[in-house]
Amino acid sequence: MTAPRFFGPEFSELEAADPEIAGVLTDELDRLRGGLQLIASENLTSPAVLAAQGSVLTNKYAEGYPGARYYGGCDVVDRAENLAIERAKALFGADHVNVQPHSGANANLAVYAAFAKPGDAILAMSLPHGGHLTHGSKVSFSGRWFTAIPYHVHRDTELIDYDEVRELALVHRPRIIVAGATAYSREIDFAAFRAIADEVDAILWVDAAHFIGLVAGQAIPSPIPYADVISATTHKVLRGPRGGMLMCREEHARAIDKAVFPFSQGGPLMHAIAAKAVAFREAHSEDFRRYAAQVVENAQSMTTALVESGMRAVSGGTDTHLALLDLSHLGVDGRTAEGRCAAAGITLNKNAIPFDPAPPAVASGIRVGSAATTTQGFDAADSAVVGTLVARAVQAEAGTAAGDRELDSIRGEVAALVGRKPAYPRA
Ligand SMILES: *Cc1c(COP(=O)(O)O)cnc(C)c1O
């Protein structure tokens with residue numbers, strides 16, 4: 001078999017050595033090409049990023065930082081890390097950048113390590129209101145080792161309740177205040193968070209894991225002027241390799257670097273760091289700025305179509321790449337909706353909505369994102385079609401003859417749509 005495009009020349013060697021894993025790779029490529037990818041935290045990296053990631057740099061041990069490693073032979077990989085750092089600084093206007101965190105969660109662990117001691121109070125967005133597990137959930141180190149104080153969205157507007165954030169900050173005097181979430185579709189008022197942090201002398205940490213790509217593409221305001229430290233992933237809207245990164249003010253540089261290595265990580269993944277450098281270069285372009293603007297336009301167009309089909313957009317809409325839809329009015333729960341969409345070739349996730357009466361494993365909503373489809377070249381009109389296909393799938397009663405016929409027919413329309421603008425086109 002000839003290597004499918006987007007697998008390097010080494011693919012034939014993998015096929016010979018390990019046909020089972022080679023089959024996983026080709027099947028996953030088929031899956032990406034065959035359906036709609038609406039998971040808000042996923043994207044489709046470029047062939048250049050894939051090439052850097054799947055490279056001989058995976059071999060090198062480089063504990064330490066460029067110019068100060070614990071191993072010999074690091075001159076070459078130092079160039080990759082220096083390029084990644086310099087490109088990220090230029091892209092975001094950051095004082096200091098650390099590109100070594102293996103993932104977003106690892107970057108977050110380093111933030112705690114740099115600024116807090118076990119038991120310290122941390123003020124962060126409540127998980128069921130859109131926060132992340134690493135913001136104080138009991139199932140994560142963050143909730144086990146620190147005293148998490150959750151803030152919420154306002155019941156009426158479903159926007160962050162900044163009055164509550166301030167009140168809680170004044171009462172609990174947290175060491176760290178976290179701005180940033182995993183299921184919040186609106187712009188965050190970083191200046192308001194800064195003012196509250198200053199009032200109680202807390203560190204302001206912006207967890208930009210989801211939206212850092214929109215910041216890179218200048219589609220939303222940057223937290224850089226406000227935050228003491230910013231953690232991010234490189235694989236969400238930013239469209240780089242799977243990984244994390246940290247940016248901070250110069251005064252915190254040493255604390256952050258030490259918190260990553262040697263406190264919480266060993267040797268850096270130099271192949272991933274090289275791929276991050278590639279992604280930063282790609283993101284520092286007019287093309288990427290157009291991409292980021294299109295991502296937001298597409299999320300809005302998709303959301304409008306979903307609302308016209310009877311769903312309710314939490315907070316009334318979106319300013320970003322993602323939207324949270326409440327399905328209560330349709331009488332369908334999130335888990336059922338996710339399953340029906342999967343049967344129609346649409347991959348998305350069920351999601352709790354603020355003040356959700358349903359348990360998390362069922363949930364009253366779904367979350368959709370536009371980062372991957374926009375990479376495929378979808379425009380606002382395509383995205384409106386995506387919205388109507390999702391809405392039809394959610395309402396098709398799987399298991400009934402009519403429902404299954406409808407899901408089959410949606411699956412066909414999905415295949416036609418992604419066939420016109422495929423992920424990883426063949427030639
Ligand atoms: C995705 C995400 C993370 C974690 O990133 P991983 O790479 O999955 O560890 C952390 N914080 C927020 C807000 C996220 O959305």
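Excluded from the calculations below are hydrogen atoms, water molecules and symmetry mates; all remaining heavy atoms, backbone and side chain alike, are included. Just so you know, ligand 1 is whichever comes first in the structure, and atom 1 is the first atom listed for that ligand. One is the number of the first residue; the rest follow in order along the sequence.
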Output the distance between atom CD1 (Ile353) and atom CG (Asp326), rounded to the nearest 0.5 Å. 3.5 Å
Can you find an N or O of Gly104 that's nearer than 3.5 Å to an N or O of ligand 1? yes
Where ligand 1 meets Asn108 - atom numbers and elements under 4.0 angstrom, heavy-atom basis: 10 (C), 11 (N)
What protein heavy atom sits nearest atom 2 (C) of ligand 1, and how far off is it? Lys236 NZ, 2.5 Å
Report yes or no: is the cationic atom of Arg239 (NZ for Lys, CZ for Arg) under 6.0 Å from the centre of the six-membered ring of Tyr291, at an angle within 45° of the ring normal? yes
Do any N/O atoms on Thr182 end up under 3.5 angstrom from N/O atoms on ligand 1? yes
Atom indices of ligand 1, in the order listed, that fall short of 4.0 Å to a heavy atom of Ala181: 13 (C)
Tell me, which protein residue and heavy-atom name are nearest atom 3 (C) of ligand 1, and how many Å apart are they? His132 NE2, 3.2 Å
Under 3.5 Å side-chain donor-acceptor pair for Asn108 and Thr134: yes
With a cut-off of 4.0 Å, which atoms of ligand 1 are near a heavy atom of Ser103? 7 (O), 9 (O)
With heavy atoms of Ala105 as the reference, note each atom of ligand 1 found under 4.0 Å away. 4 (C), 5 (O), 6 (P), 9 (O)
Does the protein put any heavy atom within less than 4.0 Å of atom 6 (P) of ligand 1? yes
For ligand 1, which atoms have a heavy atom of Asp207 less than 4.0 angstrom away? 10 (C), 11 (N), 12 (C), 13 (C)
Provide, to 0.1 Å, the distance between atom 8 (O) of ligand 1 and the closest protein heavy atom, together with that atom's residue and name. His235 NE2, 4.5 Å
Measure the spacing between OG of Ser185 and CD of Gln300 and express it to the nearest 0.5 Å. 9.5 Å
If the plane angle is over 60° it's perpendicular, under 30° parallel, otherwise tilted; pick one for His152 and His129. perpendicular
